[in-house]
Asks: 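First, the structure itself, so that you have it in front of you.
Quick caveat, the model's predicted, so the values are computed rather than measured. Residue indices begin at 1 and follow the sequence shown.
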Amino acid sequence: MSRPRKVESDPTFCGANQPPPFEGRNLYLADRALQDAASREGALWAHERLTAWGELLGRTETFALAARANRYAPELRSHDRFGERIDEVAFDPAWHELMRLAMREGEHCAPWLEPRDGAQVARATAYLLHAEVENGTQCPLTMTYAAVPVLRRHAASLAPLADLWLPRILGREYDPQSLPVAAKSSALIGMGMTERQGGSDVRANLTRAKQTADGSYRLTGHKWFFSAPMCDAHMVLAQADGGLSCFLLPRMLPDGMRNAVRIVRLKDKLGNRSNASSEVEFDGAHAWLLGEEGRGVPIIIEMVQHTRLDCAIGSAGLMRSAAAQAVHHATHRRAFGRRLVEQPLMQNVLADLILEAEASTALALRLARAFEAGAQENERSLARLATPAVKYWVCKRAPTLIAEALEVLGGNGYVEESALPRLYREAPLNSIWEGSGNVMCLDVLRAARRESAAVDAVLAEIALARGTDGRLDRHAATLAAALRQPETQERDARRIAGAIAIGLAAALLVRHAPAAIGDAYCASRLDDGYAGALGTLPSGVALAAIVATACDEK
């Protein structure tokens with residue numbers, strides 16, 4: 001006979017003093033900062049669509065799909081039961097369902113299909129919401145999204161292949177079948193740039209490309225990180241006779257045969273467990289040249305610029321998710337006779353988490369606006385300098401914030417059921433992917449030295465807040481002097497990149513966020529004595545008011 005269940009009024013009841021589940025909320029409607037940013041950056045017209053997406057993502061069932069896709073990682077099936085080489089990757093059904101939902105939403109293609117004002121911002125908002133729930137599925141979506149402008153720009157060199165590929169890349173019906181692209185309803189694009197001897201130094205690549213009589217190329221060599229090997233094609237770099245060049249390499253050939261891409265192994269990664277990353281070898285693999293020989297880096301950089309944008313957006317989503325869960329826990333958890341959210345030191349921690357998450361959201365969506373199809377030249381100049389700076393700073397702040405949020409939950413945050421461990425493992429990836437911190441900061445220095453228009457655009461954006469806060473005005477003046485010094489030392493690159501991101505974030509927050517948030521951000525990030533540790537906001541900051549902006553529950 002089973003023992004009777006204890007009632008909640010019993011102090012020994014196992015559920016006493018535990019918060020209700022975080023899931024089961026509309027992630028978009030629960031995020032004032034995200035709604036405000038989407039609206040002011042031009043995507044107010046997408047409110048209903050984003051509301052529906054936020055409701056779907058916030059469901060308990062969707063969180064369960066995310067947990068399952070990461071618990072049951074993809075598996076390499078190099079050979080079939082007859083011993084034939086197949087080089088397939090098998091995924092849990094949860095992965096496929098998450099991909100189906102995201103492709104239907106258009107995360108990989110919507111701005112290219114509907115290039116209206118605010119299209120990039122609407123897509124960035126949807127992507128940020130997705131990042132709050134599951135990140136591995138975002139890898140192939142990002143690469144596919146980033147490949148479109150490159151393939152369009154160089155369609156002439158691919159003719160008539162471009163007419164075959166582009167409509168399917170823009171398709172919104174998820175099709176995971178291993179078939180030639182002509183037989184598919186949609187197609188996904190991956191990337192393969194780095195090799196074991198070079199890493200970020202792609203000019204050290206050794207993979208060779210030899211042109212054949214029909215104009216195509218055969219690739220021989222390897223890739224150390226070949227992202228999402230299940231994609232239908234990959235953009236890869238290889239050394240042709242004319243130098244390092246960019247190629248489109250399909251997984252399946254038009255005759256139904258598999259291309260000569262051998263998956264050596266799947267990477268056993270710290271995070272991003274739901275997604276497959278691989279090492280591969282090319283054994284005379286068929287590929288088609290994009291653009292001209294020797295122009296591989298400039299061609300792939302256009303794709304990389306868009307993937308870097310997504311790194312910042314994705315990290316902002318991770319930070320928002322962790323901060324929201326911390327506030328949720330503190331709102332419902334009692335200790336020492338009071339709710340955690342009412343205790344001054346915890347308020348300081350929560351307020352700092354909120355500042356960091358709101359700043360990252362504002363930066364990500366402002367940057368997305370600079371990528372709009374109709375963006376003016378000053379916006380494009382802004383993107384050239386701000387993209388590496390924002391990518392560096394937001395991605396670098398994510399692990400620190402998530403670790404602090406995890407600590408708010410204590411032991412409850414350290415167990416896998418909370419999902420915070422998964423967020424923590426994911427956090428370093430965006431900082432490494434598409435250029436580590438040092439690479440980003442060196443890009444900032446190069447852009448500042450070569451493009452005065454980019455420096456002017458960044459400073460003009462910060463100057464929109466001139467006169468609203470003396471601390472920001474002083475920061476802007478110091479930053480302007482540093483950016484306009486051609487002799488700036490390489491060793492100072494991280495400091496300058498961080499100063500750009502902080503200045504842009506402060507300008508956005510003092511102009512658009514609740515007054516308490518803008519003031520606290522300037523007081524903590526711009527004044528002397530910033531400790532860097534979260535939860536160290538100075539006296540005079542309106543802690544309770546800041547926390548209240550993020551509380552959708554009382």
Side-chain angles (χ1 to χ4, degrees), residues 19 22 25-40 132 316 319-366 397 400-402 404-405 407-409 464-465 467-473 475 502-554:
F22 179 78
R25 66 184 60 210
N26 188 309
L27 297 180
Y28 184 59
L29 295 183
D31 191 345
R32 173 204 51 79
L34 183 59
Q35 292 181 73
D36 289 350
S39 176
R40 70 170 174 266
E132 294 186 40
M319 293 162 78
R320 160 62 190 175
S321 182
Q325 291 190 56
V327 172
H328 171 77
H329 178 85
T331 301
H332 295 279
R333 180 80 165 179
R334 299 183 69 85
F336 311 111
R338 286 183 296 172
R339 291 187 306 157
L340 289 175
V341 76
E342 297 168 342
Q343 301 182 26
L345 186 53
M346 181 58 76
Q347 285 182 346
N348 200 317
V349 171
L350 296 175
D352 226 355
L353 296 177
I354 292 163
L355 291 184
E356 203 70 61
E358 183 145 348
S360 69
T361 295
L363 284 169
L365 266 63
R366 176 61 186 92
R397 297 301 291 163
T400 300
L401 181 144
I402 296 168
E404 196 68 59
E407 190 173 323
V408 171
L409 274 68
L464 293 174
T468 56
D469 192 291
R471 295 161 297 200
L472 178 55
D473 290 345
H475 178 87
I502 290 173
L504 288 169
L508 288 166
L509 294 181
V510 299
R511 292 172 61 208
H512 303 297
I517 287 178
D519 175 69
Y521 193 84
C522 291
S524 59
R525 272 59 171 178
L526 302 180
D527 268 0
D528 292 339
Y530 177 46
L534 293 165
T536 57
L537 296 176
S539 60
V541 167
L543 301 176
I546 294 171
V547 174
T549 67
C551 284
D552 59 338
E553 336 159 76
K554 306 300 180 188

Asks: Looking only at non-hydrogen atoms, find the nearest pair between L543 and P344 and report the distance.
Replies: CD1-O, 3.9 Å
Asks: Can you name the residues that form a side-chain contact (heavy atoms from CB on, under 4.5 Å) with A322, not counting sequence neighbours?
Replies: L401, I402, A405, L420, L423
Asks: If I take atom CZ from residue R525 and atom CG from residue D352, how far apart are they, to the nearest 0.5 angstrom?
Replies: 4.5 Å
Asks: List the atom of L409, the atom of A326, and the distance in Å for their closest heavy-atom pair.
Replies: CD1-CA, 3.8 Å
Asks: Which heavy atom in A30 sits nearest to a heavy atom in R320, and how many Å separate them?
Replies: O-NH2, 3.1 Å
Asks: List in chain and number order the residues that pass side-chain contact (heavy atoms from CB on, under 4.5 Å) with A515, two or more places apart in sequence or in another chain; answer none if no residue qualifies.
Replies: none
Asks: Does any non-hydrogen side-chain atom of L355 lie less than 4.5 Å from one of S524?
Replies: yes
Asks: Could you report the tightest heavy-atom contact between L509 and A359, atom names first, then the distance?
Replies: CD1-CB, 4.0 Å
Asks: Take atom CD in Q343; do more than 12 heavy atoms of anything else shown fall under 6.0 Å from it?
Replies: yes
Asks: Once you round to the nearest 0.5 Å, how far does NE2 of H332 lie from CG of L340?
Replies: 11.5 Å
Asks: With a 4.5 Å limit on heavy-atom distance, are the side chains of R366 and L508 in contact?
Replies: yes
Asks: Can you name the residues that form a salt bridge (Lys or Arg N to Asp or Glu O under 4.0 Å) with R333, not counting sequence neighbours?
Replies: none
Asks: Can you tell me how far apart NE2 (H512) and CG (L464) are? Round to the nearest 0.5 Å.
Replies: 8.0 Å
Asks: Hey, does I502 have a side-chain heavy atom less than 4.5 Å from the side chain of Y521?
Replies: yes
Asks: Who pairs with Q35 by side-chain contact (heavy atoms from CB on, under 4.5 Å), at least two apart in sequence or on another chain?
Replies: Y28, L29, H47
Asks: Applying salt bridge (charged side-chain N to carboxylate O under 4.0 Å, His left out) as the test, list every pair that has at least one member in residues 340-350; sequence neighbours left out.
Replies: R339-E342
Asks: Hey, could you give me the CE/CZ distance between M319 and R397, rounded to the nearest 0.5 Å?
Replies: 7.0 Å
Asks: Distance from Q347 atom CD to I354 atom CD1, nearest 0.5 Å?
Replies: 10.0 Å
Asks: With sequence neighbours excluded, tell me which residues meet side-chain contact (heavy atoms from CB on, under 4.5 Å) with A516.
Replies: A542, A545, I546
Asks: Which pair of heavy atoms, one from A520 and one from V541, lies closest together, and at what distance?
Replies: CB-CG1, 3.5 Å
Asks: Restricting to side chain to side chain donor-acceptor pair (under 3.5 Å), what partner residues turn up for R32, sequence neighbours left out?
Replies: D36, E358
Asks: Of the non-hydrogen atoms in D473 and A465, which two are nearest, and what is the gap between them?
Replies: OD1-O, 4.4 Å
Asks: Just wondering, do N348 and T536 contact through their side chains at under 4.5 Å, heavy atoms?
Replies: no
Asks: How far apart are the C-alpha atoms of E132 and D31, what are their side-chain angles, what is the distance that settles it, and do they pass the side chain to side chain contact (heavy atoms under 4.5 Å, CB included) test?
Replies: CA-CA 12 Å; E132 294 186 40; D31 191 345; 4.3 Å; yes
Asks: Holding to side chain to side chain donor-acceptor pair (under 3.5 Å), I want the full list of residues that pass it with D519, two or more places apart in sequence or in another chain.
Replies: R471
Asks: Determine yes or no for a side-chain-to-main-chain donor-acceptor pair under 3.5 angstrom, with E404 supplying the side chain and V349 the backbone.
Replies: no
Asks: With sequence neighbours excluded, tell me which residues meet side chain to side chain donor-acceptor pair (under 3.5 Å) with Q325.
Replies: S321
